[in-house]
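Following: one structure in structure tokens, then a few remarks.
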Amino acid sequence: MELIEDPTFLSLFAQVQVMDAVLMASIKTHPQPAELLEQIEQNIALVRSVSAQRAADGPIGKLADEKMGPQADGWLSYARNVLAQD
């Protein structure tokens with residue numbers, strides 16, 4: 001079975017597309033997008049800080065921290081790109 005035919009893949013892909021549309025609309029229509037971006041950056045910095053502290057607790061925390069970094073970078077990039085489209 002090709003990946004494109006996999007029902008699980010199709011379901012996840014549809015969810016991501018819907019989430020992308022909702023997030024883009026939310027970010028673009030925010031009355032003060034610069035403040036929204038600043039808040040997103042602050043919240044992600046807080047999450048990264050907590051994640052880094054937990055990474056010191058053991059291998060599971062370290063693995064979670066390693067996975068979280070690229071995700072955080074991706075979301076920040078996404079928010080910045082959406083705001084730059086205006």
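The figures here come from the full heavy-atom set of this structure, side chains too, leaving out hydrogens, waters and symmetry mates. When a residue number appears, it is its place in the shown sequence, counting from 1. Because the structure is predicted, anything quoted here is derived from the model rather than measured.
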By the salt bridge (Lys or Arg N to Asp or Glu O under 4.0 Å) test, which pairs, at least two apart or in different chains, include something from residues 56-70? none
Co-members of V47 in a cluster of I, L, V, M, F, W and Y side chains, linked at under 4.5 Å: M68
Listed by chain and number, what are the side chain to side chain contact (heavy atoms under 4.5 Å, CB included) partners of V18, not counting sequence neighbours? V22
Using the side chain to side chain donor-acceptor pair (under 3.5 Å) criterion, which residues pair with S49? Sequence neighbours excluded. none
Same cluster for F13 and L10 if Ile/Leu/Val/Met/Phe/Trp/Tyr side chains link at under 4.5 Å? yes
With a 4.5 Å cut-off on side-chain heavy atoms, are L23 and V82 touching? no
With clusters defined by side-chain heavy atoms of hydrophobic residues (ILVMFWY) lying less than 4.5 Å apart, directly or transitively, does V16 cluster with I27? no
ring-ring contact (aromatic ring centres under 6.0 Å, His included) partners of residues 35-79, not counting sequence neighbours, each pair once: W75-Y78
So which pairs with a foot in residues 43-54 pass salt bridge (Lys or Arg N to Asp or Glu O under 4.0 Å), sequence neighbours left out? R48-D73
Mind checking what makes side chain to side chain donor-acceptor pair (under 3.5 Å) contact with Q71, not counting sequence neighbours? none
S11: what forms a side chain to side chain contact (heavy atoms under 4.5 Å, CB included) with it, not counting sequence neighbours? Q15
Sequence neighbours excluded and cut-off under 3.5 Å, please list the side-chain donor-acceptor pairs for residues 29-38, or say none.
unit_1 : atom_1 : unit_2 : atom_2 : d
T29    : OG1    : A25    : O      : 2.7
H30    : ND1    : Q32    : N      : 3.0
H30    : ND1    : Q32    : O      : 3.2
E38    : OE2    : Q42    : NE2    : 3.2

